[in-house]
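Please read the structure below before turning to the comments.
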There are 2 protein chains.
Amino acid sequence: MTTTIAIALFEGVTALDALGPYQVLVEVAGTEIVFVAEGAGPVSDSQGRLTIQAHAAFAEVPEPDVILVPGGLVTVAMARARNHPIIDWIAAAHPTTTWTTSVCTGSHLLGAAGVLEGREATGHWYLRQDLGQFGATPVDRRVVFDGKVVTAAGVSAGIDMALALAARLSSDDTARSIQLGMEYDPAPPFRCGHPAVAPPEIVAGLSAGFAAAIERG
Amino acid sequence: MTTTIAIALFEGVTALDALGPYQVLVEVAGTEIVFVAEGAGPVSDSQGRLTIQAHAAFAEVPEPDVILVPGGLVTVAMARARNHPIIDWIAAAHPTTTWTTSVCTGSHLLGAAGVLEGREATGHWYLRQDLGQFGATPVDRRVVFDGKVVTAAGVSAGIDMALALAARLSSDDTARSIQLGMEYDPAPPFRCGHPAVAPPEIVAGLSAGFAAAIERG
């Protein structure tokens, strides 16, 4: 039995939200990764500089074992409008998944699909508090497991989430082997990865940039 | 003046080697990322489950300001045969770059292009010692700057390298802001990212797997 892992794509996705976890999960024996989107074919990322091929349309993968929903600032508008096919797909597929997961603001899409009601969840630090609007309790942790719903903090947190998920899908030693294979012994040259440790002016500048980008839509 | 950052792609590339740094460098103002390959069009990764579009052929981007060469086990055979167009492209472009960089076994391709002669360099832990064959001094560090040549250790180390490079291309605060934007406050669920800390049986198992994969070619 192959475990189907559906990684959702949409125009404006933050590439690493999807592809950090991809690099981890593709190494788990007995799984098959399927990139799904509105239609099979090319999907552009948030910067418009990366184009990834989706293998299949959402409708073609109605019952994946694992769903992974990446983020991107565009998800704020998508969740607000609630009219993107990814939201219907998540809502329809979630009841039969083994794991329903998100990275970064992908949790807004889980929320819009009704998946976070009554659950603890995380997401990108700038928009985490907004998860309350979906009935979730926002939690400032890098990876949050609540039953079969797993949410990760911003962008790079998807790698940590995927390793934890690989351990559940297979074993701790599988996850350890994948971590060693990708030499994931992180050593950021700066200490600025969370607003609690970043200089206030950097947090303020970035927050203003995010607000303006969301405003532009 | 736009700084052109050429990220090389080839069949069998390890996706995260290229796309971790992409996610960092695409945020540096005044730069343009160009994915280059043998030809413009789709390129498949090492697992055959991810297809990325190359924007241009190597010949169309002869003088990028920055070169980034990702790895993949396939690079061992490519470097040995020395007949892949990426090697000629690196050799021709390197003299006029501001930075020539690699991630993981991408350093084997830099080596085959003659770029590492007399330099300190790193790469994926499993194959790092082999860099000696290219006249390099292999160094067990996550990121190695030697003049304008920058090499990173395995896969995930490209993110750390790209942040250090973003600081050089722009400023420390730019790099800090990018780090915060991608919430790069890593918290791996296991402590197994380097052979010095991994259980010996995991190192042995993974090494055997790599050896067999290289043997298969």
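Residues Arg49(A) and Ile33(B) come closest through the heavy atom pair NH2-O, 2.7 Å. Counting all heavy atoms, side chain and backbone alike, Phe190(B) lies closest to Ala167(A) at CZ-CB, 3.8 Å. For the pair Ala164(A) and Pro189(B), the tightest heavy-atom approach, listed with the atom from each and the gap, is N-CG, 3.8 Å.
For Tyr126(A), no part lies under 4.5 angstrom from a heavy atom of chain B. Looking at Ala198(A), the atoms closer than 4.5 Å to chain B (heavy atoms on both sides) all sit in the side chain, from C-beta outward. Looking at Ile159(A), the atoms closer than 4.5 Å to chain B (heavy atoms on both sides) all sit in the side chain, from C-beta outward. In this structure, chain B has heavy atoms under 4.5 Å from both the backbone and the side chain of Thr14(A). Looking at Pro42(A), neither its backbone nor its side chain comes within 4.5 Å of chain B, counting heavy atoms on both sides. For chain B, the nearby parts of Val203(A) are the backbone and the side chain; heavy atoms of each come within less than 4.5 Å. Looking at Asp45(B), only its side chain comes within 4.5 Å of chain A, counting heavy atoms on both sides. Neither the backbone nor the side chain of Val197(A) comes within contact range of chain B; no heavy atom of the residue lies under 4.5 Å from a heavy atom of that chain. With a threshold of 4.5 angstrom between heavy atoms, Glu201(A) does not approach chain B through any atom at all.
In this structure, Ser177(B) contributes its side chain and Ile202(A) its backbone to no donor-acceptor pair below 3.5 Å. Although no hydrogens or angles enter the test, the distance criterion places no donor-acceptor pair under 3.5 Å between the side chain of Arg176(B) and the main chain of Cys192(A). Between the side chain of Glu183(A) and the main chain of Trp125(B), a donor-acceptor pair closer than 3.5 Å is present. Remark: side-chain polar atoms of Gln179(A) are not paired, donor with acceptor, to backbone N or O of Pro188(B) under 3.5 angstrom.
Interface summary for chain A: among Ala157(B), Ser207(B), Pro186(B), Ala153(B), the most heavy-atom pairs under 4.5 angstrom belong to Pro186(B). By number of non-hydrogen pairs under 4.5 angstrom with chain B, the leading residue of Arg142(A), Gln47(A), His194(A) is Arg142(A). Heavy-atom pairs under 4.5 Å with chain A were tallied for Val155(B), Asp160(B), Asp172(B), Ile178(B); the largest tally goes to Asp160(B).
Listed by sequence position, Leu19(B), Gly20(B), Tyr22(B), Gln23(B), Val26(B), Glu27(B) are the residues of residues 18-31 of chain B in contact with chain A, using a 4.5 angstrom heavy-atom cutoff. Residues of residues 52-61 of chain B placed with any heavy atom under 4.5 Å of a heavy atom in chain A are listed by number as Ile52(B), Gln53(B), His55(B).
If you take NE2 on His124(B) and CG on Leu180(A), they are separated by 7.0 Å, rounding to the nearest 0.5 Å.
Between Leu50(A) and Phe35(B) there is a side-chain heavy-atom pair separated by less than 4.5 Å.
Within 6.0 Å of atom CD in Glu63(A), 12 or fewer heavy atoms from other residues, nucleotides or ligands are found, so the atom counts as exposed in its surroundings.
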